[in-house]
Amino acid sequence: MTADAHTDHDPALEPDRPGIAAEPEQVRAWWQALELPGLFDVHVHFMAPAIQRAVWAVFDSAGPKLGRPWPIRYRLEVDERVELLRSFGLRRFSGLPYAHKPGVAAYLNDWAREFAQQVPESLWSATFYPEDDAPTYVGELVSAGVEVFKVHVQVGEFPLDAPELDPVWGILAEAGTPVVIHAGSGPVPGEHTGPRSLAAVLAKHPALTAIVAHLGAPEYAEFLALAARHPRVHLDTTMVFTEFFSEGGGFPADLQPRLVDLQDRILLGSDFPAIPYPYLHQLESLERLGLGEDWLRAVCWHNGARLFGAEPRAI
Ligand SMILES: [Zn+2]
């Protein structure tokens with residue numbers, strides 16, 4: 001990676017992560033038992049170091065946007081994180097930057113583009129913000145072959161149906177480029193969180209390939225209903241069903257049949273690296289749902305491979 005990619009390492013913040021050396025073998029044993037070629041994780045973050053540091057500072061503060069302590073298990077350098085994911089057997093994974101204010105998306109996207117070039121199995125990821133030049137840079141990235149976008153409603157503090165974004169949704173819907181959208185009101189609600197603004201966008205752009213992050217937590221029922229109405233809407237499992245995420249109630253048991261109905265549109269997500277538990281815990285918490293091996297195979301590999309392609313990008 002670039003020289004400054006190494007500056008996000010602060011030994012003073014070194015977390016306690018016993019057992020990390022044993023994790024690769026444990027994770028590989030999990031997916032090998034399902035006879036999969038590996039894992040496809042659509043919700044991984046790799047961000048420009050200056051922004052990554054700012055994001056981790058928010059996590060470390062356990063401030064009002066999180067509402068609780070949030071230890072970061074994989075606070076490693078960029079290269080170390082890539083190698084760890086490879087050792088887990090992640091054959092494809094995203095990089096998902098997200099902008100918290102106007103004017104920073106281009107910076108994030110430039111770094112993400114360089115990252116994608118150096119890590120061919122990563123999904124080339126980008127972000128956008130409601131600002132005048134968003135349709136221009138989104139259009140350019142789509143033409144150049146970007147594979148996925150990410151937006152974060154609570155962090156960005158904007159509604160998805162902001163007028164500046166209307167042409168952006170049009171571009172993405174027409175191109176079929178997926179966008180991971182964190183719009184649910186977890187972990188802490190914001191002024192614009194919740195299903196309303198995504199419903200408004202889908203009413204106008206029904207072909208949009210939206211991937212609802214965290215299964216829409218905590219508005220699971222509303223986001224699952226949006227997916228039932230719109231065949232291009234997918235959902236990712238990120239942090240859902242884990243013990244950490246379930247402390248406030250978690251996914252309602254009576255909605256579990258909907259996870260089976262939507263089996264082909266649920267995608268493994270982890271939120272690596274900013275998770276407070278071992279990566280394997282996300283996988284085991286999916287297994288504990290008891291929805292069967294075919295469901296796990298679809299979610300952890302086949303659905304992502306179908307949506308994005310199983311093979312690394314040619315670079
Ligand atoms: Zn995330």
Side-chain angles (χ1 to χ4, degrees), residues 8 39-49 51-63 65-68 70-76 78 81 84-85 90 92-100 104-105 108-109 111-112 115 122-129 147-158 160 178-190 192-193 198 210-220 223 234-242 244-245 251 266-279 281-283 285-286 299 304 308:
D8 61 341
L39 296 171
F40 199 126
D41 187 338
V42 299
H43 198 128
V44 169
H45 295 288
F46 282 95
M47 271 183 267
I51 304 284
Q52 184 68 84
R53 275 194 298 279
V55 169
W56 284 354
V58 171
F59 281 94
D60 291 335
S61 73
K65 290 213 167 181
L66 292 166
R68 60 188 303 188
W70 200 296
I72 298 169
R73 183 169 178 84
Y74 301 103
R75 192 193 306 270
L76 302 165
V78 172
R81 277 181 268 144
L84 190 59
L85 292 181
L90 269 71
R92 297 216 74 190
F93 52 86
S94 57
L96 305 190
Y98 49 93
H100 64 296
V104 299
L108 285 160
N109 291 343
W111 190 90
F115 177 80
S122 71
L123 296 174
W124 178 6
S125 306
T127 190
F128 52 85
Y129 196 85
E147 292 176 284
V148 65
F149 286 87
K150 164 77 188 282
V151 289
H152 197 309
V153 168
Q154 184 218 26
V155 170
E157 298 182 325
F158 60 83
L160 298 168
V179 51
V180 176
I181 298 175
H182 183 146
S185 298
V188 173
H192 303 291
T193 58
L198 181 58
I211 300 172
V212 176
H214 308 283
L215 273 161
E219 292 103 340
Y220 301 105
F223 283 103
H234 296 61
L235 306 104
D236 79 38
T237 66
T238 305
M239 298 190 83
V240 186
F241 317 113
T242 65
F244 181 79
F245 216 69
F251 189 84
I266 297 178
L267 302 160
L268 172 65
S270 67
D271 241 347
F272 179 95
I275 45 178
Y277 44 74
Y279 189 92
H281 179 52
Q282 174 74 70
L283 303 173
S285 55
L286 294 173
V299 168
F308 291 101

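What you see is a predicted model; the values in this text were computed from it and never measured. One-based numbering, in listed order, for ligands and for the atoms of each.
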(request) Measure the acute angle between the ring planes of Phe46 and Phe115, then classify it against the limits of 30° and 60° as parallel, tilted or perpendicular. (result) parallel
(request) Kindly assign one of parallel, tilted or perpendicular to the pair His45 and His43, based on the angle between their ring planes and the thresholds 30° and 60°. (result) perpendicular
(request) Have a look at His45 and say which of its N, O or S atoms is nearest the Zn ion (ligand 1). (result) NE2
(request) Taking both backbone and side-chain atoms into account, decide whether His182 has an N/O/S atom under 2.8 Å from the Zn ion (ligand 1). (result) no
(message) Against the six-membered ring of Phe272, is Arg73 placed for a cation-pi contact (under 6.0 Å from the centre, within 45° of the normal)?
(response) no
(request) Considering only NZ, NE, NH1 and NH2 on the basic side and carboxylate oxygens on the acidic side, decide whether Arg53 and Asp60 come within less than 4.0 Å. (result) no
(message) As a test of reading the structure, name the N/O/S atom of Asp271 that is nearest the Zn ion (ligand 1).
(response) OD1
